[in-house]
Q: 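What follows is a single structure, and I will ask about it in a moment.
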Amino acid sequence: MTMDKSFDAAAAEARISAEWERRNAFAAGANARRSETFTVMIPPPNVTGSLHIGHALNNTLQDILVRWHRMRGFDTLWQPGQDHAGIATQMVVERRMAERQEPGRREIGREAFTAKIWDWKRESGGTIINQLKRLGASCDWSRNAFTMSGAPGAPAGEEGNFHDAVIRVFVDLYNKGIIYRGKRLVNWDPHFETAISDLEVENREVPGHMWHFKYPLAGGETYEYVERDADGNVTLRETRDYISIATTRPETMLGDGAVAVHPSDARYAPIVGKLVEIPVGPKEHRRLIPIITDEYPDPDFGSGAVKITGAHDFNDYGVAMRNGIPLYTLMDGKARMRADGLSYAESAAIATRAAQGEDVGDVAAVNLVPEDLRGLDRLEARRRVVDEITAEGLAVTYLHKEIEPETGAEHLERRPMIEAKPIMQPFGDRSGVVIEPMLTDQWFVDTARIVGPALEAVRDGRTQILPEQHRKVYFNWLENIEPWTISRQLWWGHQIPVWYDEDGNQYCAPTEAEAQAMAPGRTLTRDPDVLDTWFSSGLWPIGTLGWPEPTEALKKYFPTDVLVTGFDIIFFWVARMMMMQLEVVGDVPFRTVYVHGLVRDEKGAKMSKSKGNVIDPLTLVDAYGADALRFTLTSMAAMGRDPKLGPKHVEVNRNFVTKIWNATRFAEMNGVRGGGARPQPAHTVNRWIIGETARILMATDEALASYRFNDAATGLYAFVWGKVCDWYVEFAKPLFDGEHAEETRATMGWVLDQCFAMLHPIMPFVTEELWALTAERDRMLVHGDWPELGAELIDAEADRQMNWVIALIEGVRSARAQMGVPAGAKLDLIVTEADEAARAALAANGPLIERLARVNAPADGAAGRGMIAVSVQGASFALPIGDVIDAAAETARLQKAVQKSRKDAEGLQRRLSNPKFVENAEAEVIEETREKLAALEDDIARLEAALVQLAAM
RNA sequence: GGGCGGUUAGCUCAGCGGUAGAGCACUACGUUGACAUCGUAGUGGCCACUGGUUCGAUCCCAGUACCGCCCA
């Protein structure tokens with residue numbers, strides 16, 4: 001049987017995948033021959049997700065580690081699964097319902113809606129799993145987990161422990177007081193009408209405006225406003241009856257509770273403690289607010305005075321809390337100006353009393369939005385507010401000068417000062433709408449109380465983060481951690497296990513019955529909110545292993561070995577898993593976190609739909625095969641760097657797949673078979689390649705052990721292409737006819753087997769295919785033995801000899817090419833001088849040299865007319881190329897070589913003649929330098945001799 | 001503003017104490033028992049800049065410039 005000319009990836013991948021699956025090749029513990037375990041938890045993709053290039057990189061790297069360990073006989077588990085992705089999934093299903101013109105979720109109710117999501121999950125939720133399989137991911141698919149498994153309402157087939165685990169942890173943390181409910185300022189997504197965590201907010205710079213307004217002092221009071229320069233010289237002195245305030249959000253002025261200045265700001269010292277008027281709202285109910293001091297305002301920014309709207313800005317919230325300023329909510333859940341609560345007149349009256357220092361209690365019902373603005377979108381309200389203030393003459397203005405071009409007449413006009421300037425604005429990472437800080441009741445995890453062990457575990461090395469630069473990022477975030485908002489006003493998720501009675505008392509229990517038992521005779525209502533998706537995925541390592549049940553899997557596979565993930569979810573996920581696992585089971589979730597980069601396009605730009613530069617991994621798989629894509633991603637996965645990927649790169653590696661395919665094909669055509677034991681050949685060439693194989697194996701093991709995936713890939717590439725194909729296969733050709741034919745067949749078969757095995761973790765499909773084609777095997781390669789080869793297989797003499805032979809062949813080829821000798825012409829090879837080692841190498845490898853250098857059998861002789869010179873360590877050769885040799889060209893060629901060698905030799909000479917170098921450098925280095933110099937001098941001498949001869953003719 | 005990276009061949013990137021490597025691109029040959037998805041031989045680099053440490057610096061340290069990313 002002859003093999004095809006190239007590997008048919010599409011056909012083979014499907015066939016091989018099916019066979020792996022049929023044999024349960026990826027099951028936990030499959031191929032285990034030792035007791036050590038190796039566990040990897042997949043970062044669960046969103047159930048709504050489809051495979052993007054980041055998944056391809058992430059899962060290729062995991063698969064490499066997993067396949068490598070499985071072949072080494074570890075008891076290996078790669079745990080797959082999916083995340084229920086609260087907001088994203090609810091969004092997808094709602095959109096689909098809208099497209100089908102079905103009634104909305106509020107119409108059909110919570111239960112029916114979640115049932116629809118489960119339906120959707122059954123139909124479409126498996127997309128990404130199938131895509132991961134196409135990539136060759138060797139997860140134990142029979143254990144596929146889901147973060148909503150076992151939730152009430154889950155259909156058959158979705159039983160599981162995850163819901164139990166989540167609820168149990170919530171109850172436990174609630175009872176410890178680590179989870180609490182509170183009214184705090186949170187990020188509010190007006191599109192989804194839910195709270196989100198600070199991590200789900202993206203701050204983007206957008207064009208905005210800064211308005212400057214005058215807040216008049218109460219009762220028409222005035223003060224002396226003095227500005228000074230850095231030296232204390234007065235630059236401005238005037239009497240003012242106002243304080244100037246800058247804001248990017250004028251509509252929030254309605255909810256101001258104070259004006260704050262820095263305690264050291266001398267300009268405002270005279271008026272601190274006085275009241276100012278907010279220049280908006282109906283004239284008859286103008287509100288007064290106090291001027292206070294706080295560290296927050298920056299005296300050098302704007303006027304140095306800041307309006308404080310505690311309910312709509314995080315910084316202001318801090319100031320308000322420190323100074324007892326009331327928090328007046330102005331907007332509703334859709335971020336429209338509130339229309340509920342008390343009338344403006346009543347509200348303003350209460351607020352005024354509060355400003356005068358009176359305790360007015362809860363201000364939730366106080367609605368400081370004037371009646372004419374109620375219900376308006378906040379941007380419309382902003383326009384109206386600005387217009388009103390400007391009309392009243394309370395905008396800070398500047399003098400605008402216009403010159404009529406014809407008459408030259410000047411027109412002076414005061415215009416309101418509106419600075420156009422970029423501002424940082426928060427956006428929901430899912431909804432894309434502007435996030436509003438809103439004062440709402442939410443559930444929080446008091447992260448400060450559980451962060452300690454997570455920091456400690458990384459500090460003391462129980463968990464190692466690679467590359468190390470990410471440790472700092474991890475520390476930085478955890479050391480400044482904020483309370484985690486875990487409640488979401490959604491329906492898809494784990495509902496919070498807390499019930500309230502008529503008086504609002506909380507009962508936290510795993511089930512309603514248990515809650516009821518805690519509140520006999522009371523009517524209970526369950527908290528409608530669900531938990532942040534990351535709360536459940538934070539339990540991924542133990543949840544997927546069956547916790548809270550004390551399962552065998554948990555005992556065996558936890559803690560896991562390595563988490564492979566992108567840096568974008570270090571905070572979202574990695575840090576939270578650390579905190580939660582340590583709090584819940586008292587152990588680290590993983591021993592190593594390997595953080596890879598973000599795949600970018602060829603130009604280094606982030607891939608995004610809007611830019612249209614997204615590369616679909618499956619398109620690349622279709623075009624070039626999964627192995628080529630995997631190899632490409634691996635070879636670019638240098639630690640701490642972002643891979644830049646283009647189709648061209650994948651094409652190059654597809655060529656590599658073809659290369660090894662064809663080398664195998666050549667071997668097969670020459671009767672080479674795999675499956676044999678390691679031969680103990682006599683011929684130098686065979687001894688040499690066995691040593692080289694051991695060398696690359698050791699390098700590959702070391703690279704993989706230290707997560708230098710790119711080194712593993714590029715090393716194997718260089719070995720297979722550069723050593724095996726370029727040299728060994730070529731050397732073997734003449735040997736297939738002679739006395740070493742059998743050992744050469746055996747050696748080549750063995751070497752190729754080692755190549756298949758070493759490449760398998762990176763390129764599982766083509767290697768599995770070649771493995772099957774080259775011998776009858778009792779196991780598939782996925783369960784093959786990882787090679788174990790040591791340095792004792794490196795034969796120093798064979799190494800030296802083959803390197804010499806290669807140098808000679810390259811020397812001859814180079815000389816021929818440069819002198820324009822036709823490639824087909826076979827030349828005589830005259831040995832003009834050779835030491836013993838050179839003679840031995842020549843004798844042992846004659847046929848190889850003849851074939852690869854295209855020369856006749858070497859024969860002793862003298863250099864003469866019409867010959868070109870070639871020099872190798874310990875030997876000189878002459879090649880007659882005919883009478884019409886271009887002496888000038890040959891002289892130039894040799895001179896160029898001499899010059900280069902001389903330059904190198906001079907450098908070495910200079911080093912060796914420096915006494916400090918000889919004194920201080922390591923003995924090895926000095927010896928090495930001497931040897932290099934000697935070799936160069938030998939080379940120079942030979943070349944010069946050749947030049948002398950050339951000149952003499 | 002705080003933190004973290006990067007700057008090496010025309011391009012994309014490795015290397016990170018002993019005077020530079022790969023792939024692509026480019027040039028010239030080429031079908032020699034697998035491979036043109038190929039082979040052979042070449043061209044191409046003050047390793048951003050300025051100081052310092054060292055016998056020796058692309059590599060370590062400090063600073064400068066430019067380019068990114070994360071967090072406020």
Side-chain angles (χ1 to χ4, degrees), chain A residues 2-3 5-7 198-199 201-203 298 301 314-315 424 426 467-473 475-477 480 567-568 570-571 597-598 600-606 624 628 632 635-636 638-646 648-649 651-670 672 708 710-711 713-715 717-718 721-722 725-726 729-730 732-734 736-737 809-810 812-824 826 851-854 903-904 906-908 910-922 924-926 928-929 932:
Chain A
T2 356
M3 287 167 58
K5 259 190 121 173
S6 64
F7 174 56
D198 45 3
L199 287 178
V201 174
E202 239 177 73
N203 288 296
D298 175 1
F301 187 80
F314 284 97
N315 289 316
M424 290 304 285
E468 292 226 339
Q469 69 223 37
H470 289 290
R471 276 165 59 98
K472 293 183 195 164
V473 180
F475 289 142
N476 200 304
W477 191 69
N480 299 293
F567 60 85
D568 49 330
I570 291 180
F571 306 144
L598 179 82
R600 298 167 176 278
D601 74 6
E602 308 152 89
K603 296 187 201 103
K606 228 179 195 168
Y624 304 110
T632 305
S635 62
M636 296 194 303
M639 215 188 278
R641 295 288 285 249
D642 288 342
K644 291 176 192 165
L645 178 76
K648 186 78 199 163
H649 300 124
E651 192 187 325
V652 166
N653 289 311
R654 187 274 319 270
N655 295 352
F656 178 53
V657 171
T658 308
K659 188 74 181 177
I660 187 169
W661 177 270
N662 274 297
T664 308
R665 178 163 169 263
F666 165 78
E668 202 247 359
M669 287 161 61
N670 285 279
V672 170
R708 287 182 287 109
N710 60 318
D711 284 350
T714 49
Y717 185 97
W721 201 312
C725 295
D726 287 350
V729 167
E730 295 303 324
K733 286 174 182 174
F736 280 141
D737 298 326
I809 292 166
E810 284 178 340
V812 172
R813 281 174 176 170
S814 177
R816 291 174 59 121
Q818 286 180 57
M819 294 308 293
V821 177
K826 206 165 185 191
R851 184 186 183 88
L852 297 194
R854 290 198 69 75
K903 199 180 150 221
D904 291 350
E906 272 164 28
L908 296 174
R910 213 174 308 129
R911 248 155 81 191
L912 283 166
S913 56
N914 179 352
K916 285 180 179 169
F917 172 70
V918 185
E919 270 166 48
N920 295 307
E922 286 169 52
E924 265 178 49
V925 173
I926 297 172
E928 215 177 283
T929 311
K932 267 192 219 160

Q: State the pairing partner of rA28(B); accept Watson-Crick or G-U wobble contacts with both distances under 3.5 Å, and report none otherwise.
A: rU40(B)
Q: Quick one, Phe736(A) and Val672(A) - any side-chain contact, counting heavy atoms below 4.5 Å?
A: yes
Q: On a plain distance test, is the side chain of Gln818(A) in donor-acceptor contact with the base of rA28(B) below 3.5 Å?
A: no
Q: Taking the side chain of Lys733(A) as heavy atoms from C-beta outward, which of rG18(B), rC69(B), rG33(B) is closest to it?
A: rG33(B)
Q: Quote, to the nearest angstrom, the C1' distance that separates rC29(B) from rU43(B).
A: 15 Å
Q: Sequence neighbours excluded, which residues qualify as side-chain hydrogen bond (donor to acceptor under 3.5 Å, both in side chains) partners of Asn670(A)?
A: none
Q: Among all residues two or more places apart in sequence or in another chain, which pass the side-chain hydrogen bond (donor to acceptor under 3.5 Å, both in side chains) test with Ser6(A)?
A: none
Q: rG21(B) C1' sits how many Å from Asn710(A) CG, rounded?
A: 13 Å
Q: If rA34(B) has a Watson-Crick or G-U wobble mate with both distances under 3.5 Å, name it; if not, just say none.
A: none
Q: Taking atom P in both rC59(B) and rG1(B), what distance in whole Å separates the two?
A: 29 Å
Q: Compute whether any side-chain donor of one residue and acceptor of the other, for Asn914(A) and Arg911(A), lie under 3.5 angstrom apart.
A: no
Q: Decide yes or no for Phe917(A) and Thr929(A): does some side-chain heavy atom of the first lie under 4.5 Å from some side-chain heavy atom of the second?
A: yes
Q: With no hydrogens and no angle check, is any side-chain donor or acceptor of Arg854(A) less than 3.5 Å from a backbone partner on Val812(A)?
A: no
Q: Between the protein and nucleotides 37-40 of chain B, are there any N/O to N/O pairs under 3.5 Å, and if so, what are the atom names and distances?
A:
unit_1  : atom_1 : unit_2    : atom_2 : d
rU37(B) : O4'    : Asn655(A) : OD1    : 3.2
rU37(B) : O2     : Arg654(A) : NE     : 3.0
rU37(B) : O2     : Thr658(A) : OG1    : 2.4
rC38(B) : OP1    : Asn655(A) : ND2    : 2.9
rC38(B) : O3'    : Lys659(A) : NZ     : 3.3
rG39(B) : OP1    : Lys659(A) : NZ     : 3.3
rG39(B) : OP1    : Trp721(A) : NE1    : 2.5

Q: With P as the reference atom in both, quote the distance from rG42(B) to rC4(B) in angstrom, rounded to an integer.
A: 46 Å
Q: Roughly how many Å is it from CG in Asn670(A) to P in rA34(B), rounded to a whole number?
A: 9 Å
Q: Main chain of Asn710(A), side chain of Thr714(A): is a donor-acceptor contact present, judged purely on distance under 3.5 Å?
A: yes
Q: With a 4.5 Å heavy-atom cut-off, do Met3(A) and Met669(A) have their side chains touching?
A: no
Q: OH of Tyr717(A) versus P of rG23(B): gap in Å, rounded?
A: 7 Å
Q: In Watson-Crick or G-U wobble terms, both distances under 3.5 Å, what is the partner of rU50(B)?
A: rA62(B)
Q: Have a look at Pro734(A) and say if it touches a base, only the backbone sugar-phosphate, or nothing, with a 4.0 Å heavy-atom cut-off.
A: base
Q: Using atom CE of Met669(A) as one end and atom C1' of rA34(B) as the other, report the distance to the nearest whole Å.
A: 6 Å
Q: Any chance you could list the contact pattern along nucleotides 56-61 of chain B? Use B for base contacts, S for sugar-phosphate-only contacts and - for none, protein heavy atoms under 4.0 Å, 5' to 3'.
A: ------
Q: Could you tell me if the side chain of Val652(A) sits less than 4.5 Å from the side chain of Tyr717(A), heavy atoms only?
A: yes
Q: With heavy atoms under 4.0 Å as the rule, sort Asp737(A) into base, sugar-phosphate or nothing.
A: base
Q: Strictly under 3.5 Å: I want the nitrogen or oxygen pairs between protein and nucleotides 1-11 of chain B, one per line.
A:
none

Q: Counting heavy atoms from C-beta on, name the nucleotide in rC55(B), rU19(B), rC35(B) closest to the side chain of Arg910(A).
A: rU19(B)
Q: Can you tell me if the side-chain N/O atoms of Asn203(A) get under 4.0 Å from OP1 or OP2 in rA72(B)?
A: yes
Q: Heavy atoms under 4.0 Å, any strand shown: does Arg816(A) hit a base, just sugar-phosphate, or nothing?
A: nothing
Q: Tell me the partner of rG17(B), counting only Watson-Crick (N1-N3 plus N6-O4 or O6-N4) or G-U wobble (N1-O2 and O6-N3) with both under 3.5 Å; none if nothing fits.
A: none
Q: Please give the distance between the P atoms of rG33(B) and rC47(B) as a whole number of Å.
A: 45 Å
Q: Output the single nucleotide from rG33(B), rA14(B), rC55(B) whose closest atom is nearest the side chain of Asp711(A).
A: rA14(B)
Q: Counting only Watson-Crick pairs (N1-N3 plus N6-O4 or O6-N4) and G-U wobbles (N1-O2, O6-N3), all under 3.5 Å, who is the partner of rG5(B)?
A: rC67(B)
Q: Could you check whether Lys932(A) gets within reach of a base, just the sugar-phosphate, or nothing at all, counting any heavy atom under 4.0 Å?
A: sugar-phosphate
Q: How long is the gap from CZ on Arg851(A) to CD1 on Ile809(A), to the nearest 0.5 Å?
A: 11.0 Å
Q: Counting only Watson-Crick or G-U wobble pairs whose two distances fall under 3.5 Å, which nucleotide matches rA22(B)?
A: rU12(B)
Q: Measuring only the C1' atom in each nucleotide, how far is rC16(B) from rC60(B)? A whole number of Å is fine.
A: 9 Å
Q: Nearest-Å distance, CZ (Arg665(A)) to C1' (rG33(B))?
A: 12 Å
Q: Take atom CE of Met636(A) and atom P of rG15(B), then tell me their distance rounded to the nearest Å.
A: 15 Å
Q: According to salt bridge (Lys or Arg N to Asp or Glu O under 4.0 Å), who are the partners of Lys733(A), at least two apart in sequence or on a separate chain?
A: Glu730(A)
Q: Identify which nucleotide among rC24(B), rG33(B), rA14(B) has an atom closest to any side-chain atom of Lys648(A), counting heavy atoms from C-beta outward.
A: rC24(B)
Q: Are any non-hydrogen side-chain atoms of Thr632(A) and Arg654(A) less than 4.5 angstrom apart?
A: no
Q: With C1' as the reference atom in both, quote the distance from rC71(B) to rC55(B) in angstrom, rounded to an integer.
A: 45 Å
Q: Look at Lys5(A) and rA36(B) and indicate whether a side-chain polar atom (N or O) is within less than 4.0 Å of OP1 or OP2.
A: yes
Q: Given atom CG of Asn920(A) and atom C1' of rU54(B), what is their separation to the nearest angstrom?
A: 9 Å
Q: Is the side chain of His649(A) donor-acceptor paired with the backbone N or O of Gly646(A) at a distance under 3.5 Å, no angle test?
A: yes
Q: Write down the distance separating the P atoms in rA22(B) and rU40(B), rounded off to the nearest Å.
A: 13 Å
Q: Rounded off to whole Å, could you give me the CG-to-P distance for the Asn653(A) and rU12(B) pair?
A: 18 Å
Q: Measure from the side-chain N and O atoms of Arg816(A) to the backbone N and O of Val821(A), and report whether any donor-acceptor pair falls under 3.5 Å.
A: no
Q: For His470(A) and Phe567(A), take the angle between the two ring planes, folded into 0 to 90°, and tell me which bin it lands in: parallel under 30, tilted 30 to 60, perpendicular over 60.
A: parallel
Q: Please measure how far the P atom in rG21(B) lies from the corresponding atom in rA9(B), and state the result in whole Å.
A: 14 Å
Q: Nearest heavy atom decides the nucleotide; on that basis, is Ser635(A) or Ala823(A) closer to the 5' end of RNA chain B?
A: Ser635(A)
Q: Mapping Ala815(A) and Phe666(A) to their closest nucleotides on RNA chain B, which lands nearer the 5' end?
A: Phe666(A)
